[in-house]
Structures are given as structure tokens and as C-alpha cells.
Amino acid sequence: MTAEPTTSPGLISVPLVGLDEDLGATSADVIRVLADRVAASGRAASGEALAADAIAREASVGTGVPGGIAIPHARSASVTEPTLAMSRLARTVPFGAPDGDADLVFMIAVPEGADKDHLTVLSTLARALIREDFTAALRAATTPQEIVDLVDREVTGEVADAGVTGTPRASSPAATTAGTTAGTTSATGAPAARKVIVGVTACPTGIAHTYMAADALVAAAQRAGAEMHVETQGSSQVEPLDPALIARADAVVFAVDVDVRDRSRFAGKPLVSGPVKRGVDEPDAMIAEALRAADDPNAARVSGSAAEPGTSTAKDEHFGQSLKRWLLTGVSYMIPFVAGGGLLIALGFLLAGYGIALTHGNDGVNNAVYTLQHFTLLDLPPQGLHYYLGAAAFEIGSVSLGFLVAALAGYIAYAIADRPGIAPGFVAGSIAVFMNAGFLGGLVGGLIAGAAAYWIGRIPVWRWLRGLMPVVIIPLFASIIASGLMLLVLGGPIAWVMTELTAWLNSLSGASAVLLGIILGLMMAFDLGGPVNKVAYAFAVAGLGAGSATNVVPFEIMAAVMAAGMVPPLALALASTVLYRRGFTKPERENGKAAWLLGASFISEGAIPFAAADPLRVIPASMVGAAVTGAISMAAGVTSRAPHGGIFVFFAIGNIWMFIAAILAGTVVSALVLVGLKKWVRRTPTADVADVPGTGAAVPADDRVAVAV
């Protein structure tokens, strides 16, 4: 047998390759044989465990791709070293490809915590397998050594590059556009008039399909005469798309099986989405759908708040931009805990009354806890079933709301150090709660935990220790550093600051309270779900936990924020569908109809399509109305014990009629200001017709560029 080569960074060797063999009739049969080969080579502690992980992965999404190829892969604790095993089958086996069974099978086995260089090599090989020249060479090989040499030639160039980032080699047909940033210009030198599509690909393991889908989509876009740029959110280093490129994109394609990181960057863009495997199997169909969506004003769009112009998540962003991104990531992940928990608490009040939150006697627990401890569905309390269900809803909501600070800290740390930062961040946030350091303590604890996890993760260690770094070493020592500092040094001073802040808020009355309402209203309307809006909202929900029957100021702040946030979409709906229909395009009038419900539900993003098309008139008008609403709400002492829901959580609103009056006043003021600006503040003409950003709608050119009175 030919000696094992010293290249291919040790990923594959002759004993791991089999040619023209019959390994069984099912994908599980093939996977078990290849897993046993990996174990026999000393690269996995258990072939059975590796096979179980790979088969489970296969069950979720088939790994067959067009061309008779299959790439079963898995992260497994049993794997000690990144490894490739390959078989050229004498009898084809189904792996879920749309065009038939597979005869070439590459199994990728990756340990937990594999280093990025190896993951980059594996992703490079995976994307090479959709190239006909490479697969033809594999089928023509006569010995296992030839297979090893082919793999070696494919990946060696990747390993040789300094600072590997996961960009494909130039030999790939789509390599010039499909890397982690997918290039910045069209591979064919396309003029700017061509449609520009941006996309994200991602799969749970981030090894194979992520990169193959990127290449397939770019190639399909080239065939369709469009320009395509893809951000691969895989295991290799992620290079975010340039915000300027996203801003000029006509449509977005998400081929993902996991959440898209920083999804809000694409807010308002026409969207085509599907599983990552569809990006591999049906790239032409996805691109065709994206091109149609780009010209369709009624197409589905990316939800969420628009990214702030000029911001970037690229490696060259300055510290201020990074800090803002970290904090907003934490707030974004925190909000679902707060919204769900707050609405459950409100439901508890609806069913059982506000007394459910009061302390029961002298036993130190509230009425909800006492009820759940002493009664069951078969032994109801004297107040009845509704009271018991209200106690359950209140307690579930209270537990959910209790995660506020820990989730904030955990996901701030995640934004800094990725998954190894989550556990230290949650622990630091929990310590902040223990120290009564509250929301501010969560911010500080999350930043320290993330920094510690990031720093520890950069320390060079032996290969055998790398697998333990993300699951043991980093969480352990980052938790010691961050939580130790919070517990022993920083927690006390931060708790004092929070106490003083709470006392100041409680002292607000009269003009001071009105001024706070104005400020909060301006912030809620400034960027309609963006960073400033989120700061105001986070400030309000962070105080809910401190609210009580004797301390209603946090509830008043929450009411002012929610009411002000409802004004922009309601005002746009009023202006576009009732007061000044001819001042808006037909797609905008259609958006205005939907904005009625969005505004009533406290979804400020309902105003984004209007703001994207005409920011210099829509945003100032929205801010004026929201400030009026915030001032009236605070002056009238309106309270909200729910952090979300708008008018639909009326039962959790104190002084509901003034809440409605404040919203109506702000809505009318904002709509009238906008109509006035539309009529008397015109834009200078530059062309006959232009597209409204974010909607694809045509508007007259005399209402388009610079503001001129």
C-alpha cells in the first residue's frame, strides 16, 4: 500500500478511503462503516457514538447534493481530530438529493471546539464537491492514494494562506463572489444597473451546506444576470457584508436552518427565505424568486428595525461601534423574555386582580406563590379557577421577567465572544441580580464576561486541550473573572448607583415627569425600532421589576414609552389613508392600512417603509407626535404593567382613557405635521421616476431628493 502522504493537514489518509465498495442499502449503513474507519484510525474514541451523531444529523436534513454526492457530517464529542473519510460506492445509496442517489460519499467528522483553520479547510472541500471537474476526478481515480492527493491539492492552498478566513479558492467557479463576504464586485464586471442581491447561508453545523449553498446561489445569480453577495455564517470566520452593499441591495436571500445573526441589518428589504439545503438544490429558483420580489411592492420583507446608516459589524469597526453592537445584541435577545413575561403578568392581573402580586401575610411570599403552593386544579382556592389560573400566569411571567438581567448579560457576552461567552455572561448577570445591581449591573457583567471569554479563547493551547476550551476552560475561568469582580468589587457600587437612580425617578413629578415623557417620546420615534428606540424601551422594561403598589413611576415610564411607540405607525396610517391620500403612492397607502393594526399593537416598525422613502419629513413628524404623547401620558400618571401589546393589553393599563387620549393626540399632531411637510416642504427633482427605498414603489421625481422649502 502506498505510504500516507504528509500533506492534507492530516485530515485524510489512505486507510480512510474506499473505492467501488458496497457498504449497504441505506445512508445509515454507509455512515456506520465510515464512522468505524475514523475510529479505527485513532481519530474518534467511538465509531458507534460518531455514527449516532452523524445519523441524527442526517435525519434532520439529508446531506445529498446534486450530482450524486453526499456529505454526511457531524460535530461529535467522540472525535479527537478533524477527519475526512471517503467512499466511492459500487451501489448508489439515497442521501436525500433531489436528482437521485449518491455514489461519492465524504464523511466529515469534527470534534467539539475544532479550530477555525481546520473548519475552513473542511468547508473548502465541501464547496469543491459541487464542482464537476473535482467530482469527475474523484470518479476517475484508480487508487485511494489518488483520492488523497486530489483532496490535498484542493485544500493545501487554503492552509497555506496566512490568516485563513474561509474564502474559497480561485479555482471554484463562484470563488470570486461567494466567500464569507462573497466579493465586493460582480464577477463579470456587471454594470450597477443589474439587480443586486445579498444573502446569508447558515446550517446548524456550519461546515458543508453553509458554503455549498453560497457557491450555488452566486453561480445561479450569474446565470440570471444579477450580482450576488453572500455572507456565510458558518464555523469558519464570519466576514459580515458591507452595510453600504446591503443598503443598495434590491432583495435578500436567506438560505438558513438557524437564526440569521444581526438580521435587522436587512430590515425592509424584499425577502426570499428557505432551508439551507434549498440553496444547494434549487439555487436558480431562489434567485428567480428574489428577482421577482425586488420588483414586487407587496413582496414579503425582512422584519425588524433598520440598521443605522454608517454602522458596520466588520472587523475594522471602531470600539464605539463594537460597543453599541454588543449592547444592542443583548437588548434584542432580552426583549422576548420581557415581552412574554410581562404579558403573562398582565394576564395574571386580568384573571386574579392586582392583589395577586401582594405579599401574603407574614410568610414572605406573594399571593401567587402561596396559591400555587397550597392549592391545585383538584383543590381550588376559595376565589375560584380564574384566580388559580391567574396565579399561575403571574408566577410564570415573574420567572420569565426574572431572566431579564441574566439574558442581557449573557447575550452581550455572546456578541463579544460567541457561544463560549454565554455561560459566563448568564452567571455574571445572575450575580448582578443577587447584588441588587440590576440592569446596569447586567450591562457591566456582560461586558466583563464577554471580554474575559474572548481573551481566554485567544490563548494558544495544545491540540488535545482545544476541544475542552469552549465547553470547560473558557466558561470556568471567564465566570470566575466576571462574577468574581461583580461579587467582590463592582456589585456594591453599581447597586448604590441603581438605588440613587430609582430614588430620583420616584421623585419626579410635575414638569420633571413631563420632560422625561418628552425625551422618551423623541427617542421612541427617532429611529423606529433602531438603537435609540431600543435604549428607551430597555430603560422602561428594566424598571418594571422595581414597580409596586407604592412605587408606580416605573409603570408610568413603561406606559409613556409604549404609547409614544404606537404613534408613528398610527400617524402614518391616518395621513396616508384618510387625511392626504394623494400625497402617498399606492403601495404606501396599502402599507398605511396595515399600519393601523401595527400601531395599535405597539409595533413601531410599521412606519419604516414610509421613513425609508421619505426620512426627512416622516421622522421629524413622528418625533413631534410621540413627544406630545409621552408628555401627556406622564402628566396624567398613566401606568402600564405590561411591556408590550399596545391597546390589546388594556387590562394592564392604569387610567386607560388618558392612555388612549394621549395616543390620539400624538397621532393627530404627527399626522398633521407630516401632511404640512408633504404639502409645503418639497424635494428638488432629479429624474422622472425613482424607486422608494425598501418598497420598490415608483414615486414622482419631484418628491425625491433634497429638501427645499
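Starting from 1, each residue takes its place in the sequence as its number.
Considering every non-hydrogen atom in both Ala478 and Ala449, the closest pair reads CB-O, 4.2 Å. Summarising the geometry of Ala423 relative to Pro475, their closest heavy-atom pair is CB-CB, 4.3 Å, with the distance given to 0.1 Å. Minimum heavy-atom separation, Ala251 to Ala294: CB-CB, 4.2 Å. Here the shortest heavy-atom pairing between Ala226 and Ile197 reads CB-CD1, 4.3 Å. Nearest approach of Leu408 to Gly330, heavy atoms of both residues: CD1-C, 3.7 Å. Scanning all heavy atoms of the two residues, the minimum distance from Gly24 to Arg91 falls at C-NH2, 3.3 Å.
Taking CD1 of Ile147 as the start and CG of Leu138 as the end, the distance is 5.0 Å to the nearest 0.5 Å. Remark: Ile474 CD1 to Ile456 CD1 distance equals 7.0 Å, nearest 0.5 Å. Separating the CG atom in Asp36 from the CZ atom in Arg32 is a distance of 9.5 Å, to the nearest 0.5 Å. Here the straight-line distance linking atom NE2 of His229 with atom CG of Leu241 works out to 8.5 Å at 0.5 Å rounding. With rounding to the nearest 0.5 angstrom, the CG atom of Leu84 is 8.0 Å from the CG atom of Leu16. Here CG of Asp22 is found 10.0 Å from OG1 of Thr92. Values are rounded to the nearest 0.5 Å.
Within 6.0 Å of atom CZ in Phe403, 12 or fewer heavy atoms from other residues, nucleotides or ligands are found, so the atom counts as exposed in its surroundings. Environment of CD in Glu21: crowded, with over 12 heavy atoms of neighbouring residues, nucleotides or ligands closer than 6.0 Å.
No side-chain heavy atom of His73 sits under 4.5 Å from any side-chain heavy atom of Val110. Between Ile287 and Leu217, the closest side-chain pair of non-hydrogen atoms falls below 4.5 Å. When side chains are defined from C-beta on, Asp295 counts as touching Lys195, because their heavy atoms get closer than 4.5 Å. Using a 4.5 Å heavy-atom threshold, the side chains of Pro243 and Arg265 count as separate. Here the side chains of Leu23 and Ser87 are in contact, with some heavy-atom distance below 4.5 Å. The closest side-chain heavy-atom distance from Val256 to Ser273 is not below 4.5 Å. Inter-residue side-chain proximity for Val105 and Leu34 is flagged as met; some heavy-atom pair is nearer than 4.5 Å. Put simply, the side chain of Phe266 does not reach to within 4.5 Å of the side chain of Leu271, judged on heavy atoms.
Within the 3.5 Å criterion, the main-chain N or O of Ile396 finds no donor-acceptor partner in the side chain of Ser400. Formation of a donor-acceptor pair under 3.5 Å by the Arg194 side chain with backbone atoms of Gly225 is found in this model. At least one donor-acceptor pair under 3.5 Å links the side chain of Asp29 to the backbone N or O of Ala25. Lys269 contributes a side-chain N or O that, together with a main-chain N or O of Ala247, makes up a donor-acceptor pair within less than 3.5 Å. Between the side chain of Asp20 and the backbone N or O of Ala90 there is no donor-acceptor pair closer than 3.5 Å. Between the side chain of Ser78 and the backbone N or O of Ser76, no donor-acceptor pair lies under 3.5 Å. When atom types are taken as modelled, the side chain of Glu58 and the backbone of Thr63 share a donor-acceptor pair closer than 3.5 angstrom. Under a 3.5 Å cut-off, the side chain of Arg88 and the backbone N or O of Ala141 do form a donor-acceptor pair.
Not counting sequence neighbours, the partners of Ala35 by the side-chain contact (heavy atoms from CB on, under 4.5 Å) test are Leu50, Ala51, Met107.
Of the listed residues (Val151, Val148, Val17), just one forms a side-chain contact (heavy atoms from CB on, under 4.5 Å) with Met86, and that residue is Val17.
Taking the six-membered ring where tryptophan is involved, the planes of Tyr411 and Tyr333 are essentially parallel, since the angle between them stays under 30° and well short of 60°.
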